[in-house]
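Step one of this worksheet: look at the structure below.
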Amino acid sequence: MANMHIRSSEYAWHHSTVKILGRNIVGITAWELKKEVEKEALYGAGQTAIDIQEGPEKCSGSITVFGYELDKMEQAAKLAGYDSLLHVPHEAIILTVAMRKTLADPITTMTARGVSFTETSDAMGQGDKKRECSLPFICLDITKLTV
């Protein structure tokens, strides 16, 4: 068997950036973007499904940020006249993730438009050295482009 050199096409975290409303989120520790389609098996005569029906598409996700980032986002929301980040209209929030494997590779950009945060969390435990806050959201659409 010949020697094979395999290069994965996975992205590197240290070549990733996340922006919300044009601002780089430096204190981010995780992100997730999800698209799902509601599907249901269609049954007729017999015990097995005869087809699969599709319903609406749903887009959602979450980001996990350090507490100081959440504080800055909450402060920006209040300065814009909203009670909290949860009350900022979805038309005002676009989340962009840009990533690549190495600096020489093409950039893949994922964009979640119409983002509406559904909850904020703020917690710490004994021995913690940082505050990490999870911010789940729903959004209108997620697109992916590699350039």
Side-chain angles (χ1 to χ4, degrees), residues 1-42 49 51-147:
M1 181 178 210
N3 256 349
M4 290 178 48
H5 296 285
I6 298 173
R7 181 176 176 196
S8 80
S9 60
E10 291 301 312
Y11 301 105
W13 180 262
H14 63 279
H15 293 304
S16 300
T17 57
V18 176
K19 286 186 179 189
I20 297 178
L21 299 170
R23 181 177 170 272
N24 258 0
I25 306 298
V26 178
I28 187 166
T29 60
W31 60 266
E32 178 182 29
L33 299 175
K34 296 190 303 186
K35 267 188 167 185
E36 61 183 274
V37 175
E38 185 180 297
K39 294 185 179 185
E40 181 179 308
L42 180 66
D51 200 2
I52 296 175
Q53 298 295 314
E54 289 189 8
E57 188 174 280
K58 178 181 173 185
C59 297
S60 62
S62 69
I63 60 172
T64 303
V65 298
F66 289 131
Y68 78 88
E69 286 286 5
L70 176 58
D71 295 344
K72 285 182 180 183
M73 293 167 76
E74 288 286 4
Q75 182 181 27
K78 288 183 180 183
L79 287 172
Y82 302 105
D83 290 338
S84 74
L85 181 62
L86 299 177
H87 296 97
V88 176
H90 67 276
E91 297 92 349
I93 302 178
I94 295 174
L95 185 142
T96 305
V97 178
M99 56 197 164
R100 59 178 144 184
K101 182 174 170 90
T102 69
L103 289 174
D105 289 324
I107 297 173
T108 297
T109 303
M110 297 179 72
T111 303
R113 92 179 155 76
V115 172
S116 182
F117 291 101
T118 57
E119 68 180 77
T120 59
S121 68
D122 211 344
M124 284 191 78
Q126 193 281 326
D128 286 353
K129 295 169 185 53
K130 60 190 174 301
R131 198 171 41 120
E132 287 187 299
C133 307
S134 177
L135 303 170
F137 61 84
I138 58 174
C139 59
L140 297 177
D141 192 27
I142 298 170
T143 57
K144 187 174 185 177
L145 176 67
T146 300
V147 179

Nearest-0.5 Å distance, [atom1] of residue [X] to [atom2] of residue [Y]:
| X | Y | atom1 | atom2 | result |
| --- | --- | --- | --- | --- |
| Asp83 | Glu74 | CG | CD | 10.0 Å |
| Gln75 | Ser84 | CD | OG | 14.0 Å |
| Ile25 | Thr64 | CD1 | OG1 | 12.5 Å |
| Ile20 | Ile93 | CD1 | CD1 | 7.0 Å |
| His90 | Arg113 | NE2 | CZ | 8.5 Å |
| Cys59 | Leu33 | SG | CG | 9.0 Å |

Quick check against the 3.5 Å criterion: does [X] have a side-chain atom that pairs as donor or acceptor with the backbone of [Y]?
| X | Y | result |
| --- | --- | --- |
| Lys130 | Asp128 | no |
| Ser60 | Phe137 | no |
| Arg100 | Ile107 | no |

Non-hydrogen atoms of [X] and [Y] that approach each other most closely:
| X | Y | answer |
| --- | --- | --- |
| Cys139 | Ala112 | SG-CB, 4.0 Å |
| Ile28 | Ala30 | CG1-O, 3.5 Å |
| Ala41 | Ala49 | CB-CB, 3.8 Å |

Any side-chain heavy-atom pair of [X] and [Y] under 4.5 Å:
| X | Y | value |
| --- | --- | --- |
| Val147 | Pro106 | no |
| Val26 | Tyr68 | yes |
| Lys72 | Arg23 | yes |
| Leu95 | Trp31 | no |
| Lys34 | Lys58 | no |
| Glu119 | Leu135 | no |
| Leu42 | Glu40 | no |
| Val115 | Ile94 | no |

> Which is it for Thr109 and Thr96 under the side chain to side chain contact (heavy atoms under 4.5 Å, CB included) test, yes or no, and what are the steps along the way?
Replying inline: CA-CA 7 Å; Thr109 303; Thr96 305; 3.5 Å; yes

> Between Thr118 and Leu86, is a side chain to side chain contact (heavy atoms under 4.5 Å, CB included) present by the stated rule, with each step listed?
Replying inline: CA-CA 6 Å; Thr118 57; Leu86 299 177; 5.8 Å; no

> In chain order, what residues pass the side-chain hydrogen bond (donor to acceptor under 3.5 Å, both in side chains) check against Glu132, with sequence neighbours excluded?
Replying inline: Thr29

>> Would you say CD1 of Ile52 has more than 12 non-hydrogen atoms from neighbouring residues, nucleotides or ligands within 6.0 angstrom?
In response: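 No, because the 6.0 Å sphere around CD1 of Ile52 holds 12 heavy atoms or fewer from other groups.
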
> Checking side chain to side chain contact (heavy atoms under 4.5 Å, CB included) for the pair Leu85/Leu70: CA distance, chi angles, key distance, verdict?
Replying inline: CA-CA 9 Å; Leu85 181 62; Leu70 176 58; 4.2 Å; yes

> For Asp71 and Met73, what are the C-alpha separation, side-chain angles and deciding distance, and is it a side chain to side chain contact (heavy atoms under 4.5 Å, CB included)?
Replying inline: CA-CA 6 Å; Asp71 295 344; Met73 293 167 76; over 6 Å; no

>> Quick test of your reading of the model: are Lys35 and Asp141 salt-bridged, counting only N-O distances below 4.0 Å?
In response: yes

>> Test of understanding: with side chain to side chain contact (heavy atoms under 4.5 Å, CB included), list the residues that count as partners of Pro89, not counting sequence neighbours.
In response: Tyr82, Glu91

>> Apply salt bridge (charged side-chain N to carboxylate O under 4.0 Å, His left out) to residues Glu69 and Arg131 and explain how you reach the verdict.
In response: CA-CA 10 Å; Glu69 286 286 5; Arg131 198 171 41 120; over 6 Å; no

